[in-house]
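Before any comments, here is the structure.
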Amino acid sequence: MTAIANTPSTSSWQASLPADARKDRWHIGVIGGSGLYEGIGLDDAQEITVASPFGEPSGPVVTGFLEGVRFTFLARHGAGHRLCPSTVNYRANIDVLKRCGATDVLALSAIGSLREEMAPGHFVIPDQFIDRTHGRAGSFFGPGLVAHVSLADPVCPQLSALAAAAAESSGAPVHPGGCYVAIEGPQFSTRAESRMYRQWGGDVIGMTAMPEARLAREAELPYALIGMVTDYDAWRDHEEGVAASDVLTVMKSNVERVNAAVRLLAASLPPTRPANPIDRALDHAFVTAPGHRESGAMARLDAVAGRLFRA
């Protein structure tokens, strides 16, 4: 991997991207563990600090190329995993990836299993979510500009299928599809909660996919998640509850497979990125009349929704 170059703080790096970067060229934004890019081998890697009007993101991004495709990595929990799930600034993270020119977002996350067949060490590619988080900023929109996007199908089927195929090629047992229950944390579930989530139809459980997936849709970024099963949560009566040390042990054992999956995904992307309906998720989402849209709200949303203001 090329040595990472430290680049001065900037919020205008996107201006240097090719004019067609958001039309037919892939640019994958990856949200995952700190240092992930180091094991993948990015070419021409650069570390860049990008500002967001929504506050401080989790940290700088590292951008470079895999198989000729631009990838931009952001550590969800910051360097050294200093942020807990409740304090991650999800809005700033998604906003920053959009400002960097990402066309799609791939999330990597440790998850617990609510199903016997989804065993520790397996990968799951969720296609639905149940959001049990609270107190997190879950939308870019609000006073001054109201919008409602469709979230019936919260992940991108195209990107999810490519991620599932890449994960399978890496040698991991893969489950395409599944319902992810997002809890607030940072504590793991009680046994009663774990059993309830199973009754609701949950398949896996985690703490970070929401509001991440919601915000990606509002930013018109197709989103897919590779979940790495680390434990069976707390629904098995004959087992001890989840311990963070056990989670970390399984995560470390999966690092190379995760790295391989990302590299294989890069190699499998079609040469030209096809148009995606999610690219225009905001086309009919605004409900605030043009004459009543506040200029401050529109300024904050220049990366997320600027194409509609300039139309």
Side-chain angles (χ1 to χ4, degrees), residues 14 17-18 20-32 61 63 66-67 69-74 76 90-109 123-129 131 138-141 147-167 174 176-180 182 206 208-227 261-285 301 303-308:
Q14 185 183 356
L17 291 172
D20 62 347
R22 302 276 272 277
K23 295 180 180 179
D24 61 4
R25 297 187 186 180
W26 294 95
H27 180 164
I28 308 297
V30 180
I31 305 175
V61 302
T63 188
L66 280 176
E67 302 291 336
V69 178
R70 182 173 287 281
F71 275 69
T72 296
F73 290 79
L74 177 62
R76 183 187 286 111
Y90 296 92
R91 290 196 301 181
N93 287 353
I94 294 294
D95 179 72
V96 157
L97 290 178
K98 183 82 171 185
R99 288 178 188 279
C100 288
T103 58
D104 303 77
V105 171
L106 175 68
L108 306 173
S109 181
F123 286 7
V124 180
I125 317 297
D127 58 0
Q128 281 295 332
F129 298 97
D131 191 355
S139 177
F140 289 111
F141 300 97
H148 302 284
V149 300
S150 173
L151 206 65
D153 300 301
V155 303
C156 173
Q158 172 184 268
L159 186 60
S160 293
L162 290 166
V174 178
C179 181
Y180 178 122
T208 57
M210 285 292 179
E212 197 172 81
R214 295 184 184 278
L215 295 164
R217 180 59 54 89
E218 287 190 341
E220 300 185 319
L221 291 171
Y223 179 94
L225 187 150
I226 298 178
V262 175
R263 291 193 297 265
L264 289 162
L265 173 66
S268 70
L269 293 173
T272 300
R273 179 184 181 273
N276 190 314
I278 298 170
D279 298 342
R280 307 191 67 88
L282 293 174
D283 273 359
H284 306 290
L301 292 160
V304 170
R307 71 171 184 86
L308 292 167

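Since we're looking at a predicted model, the values are computed, not measured.
- A 4.5 Å side-chain heavy-atom check between Phe141 and Leu282 finds at least one atom pair inside the cut-off.
- Scanning all heavy atoms of the two residues, the minimum distance from Pro211 to Tyr90 falls at CD-CD1, 3.7 Å.
- Annotation: the span from Arg273 atom CZ to Arg25 atom CZ amounts to 13.5 Å, rounded to 0.5 Å.
- Of the inter-residue distances, the one linking Ser160 atom OG with Leu106 atom CG reads 9.0 Å to the nearest 0.5 angstrom.
- Minimum interatomic distance between Val69 and Ala266 (heavy atoms only, all atoms of both residues): CG2-O, 4.1 Å.
- The CG atom of Asp153 sits 6.0 Å away from atom CD of Gln128, with the distance rounded to the nearest 0.5 Å.
- In this structure, the side chains of Ile28 and Leu66 stay at 4.5 Å or more apart for every pair of heavy atoms.
- Using modelled atom types, no side-chain atom of Arg263 and backbone atom of Glu67 make a donor-acceptor pair closer than 3.5 Å.
- Note that CZ of Phe129 is 8.5 Å distant from CD of Glu212, once rounded to the nearest 0.5 Å.
- Put simply, the side chain of Gln158 does not reach to within 4.5 Å of the side chain of Pro270, judged on heavy atoms.
- For CG of Asp283, the number of neighbouring non-hydrogen atoms (other residues, nucleotides, ligands) closer than 6.0 Å is greater than 12.
- Residues Val105 and Ile31 meet the side-chain proximity criterion, which asks for heavy atoms closer than 4.5 Å.
- Nearest heavy-atom pair across Pro222 and Asn276 is CG-ND2, 3.5 Å.
- A heavy-atom distance below 4.5 Å is not found between the side chains of Val155 and Tyr180.
- Contact detail for Ala163 and Leu265: the closest heavy-atom pair is N-CD1, 4.1 Å.
- Annotation for Ile94 and Ala219: closest pair CG2-CB, 3.8 Å, computed over non-hydrogen atoms.
- Here OG1 of Thr63 is found 4.5 Å from NE2 of His27. Values are rounded to the nearest 0.5 Å.
- Between Leu221 and Asp104, every side-chain heavy-atom pair lies at or beyond the 4.5 Å cut-off.
- Arg217 places no side-chain N or O within 3.5 Å of a backbone atom of Tyr223 that could act as its donor or acceptor partner.
- Residues Ala213 and Leu151 come closest through the heavy atom pair O-CD1, 4.5 Å.
- Looking at Arg91, Arg99, Lys98 one by one, the single match for salt bridge (Lys or Arg N to Asp or Glu O under 4.0 Å) with Asp95 turns out to be Arg99.
- Annotation: the span from Asp24 atom CG to Thr103 atom OG1 amounts to 10.0 Å, rounded to 0.5 Å.
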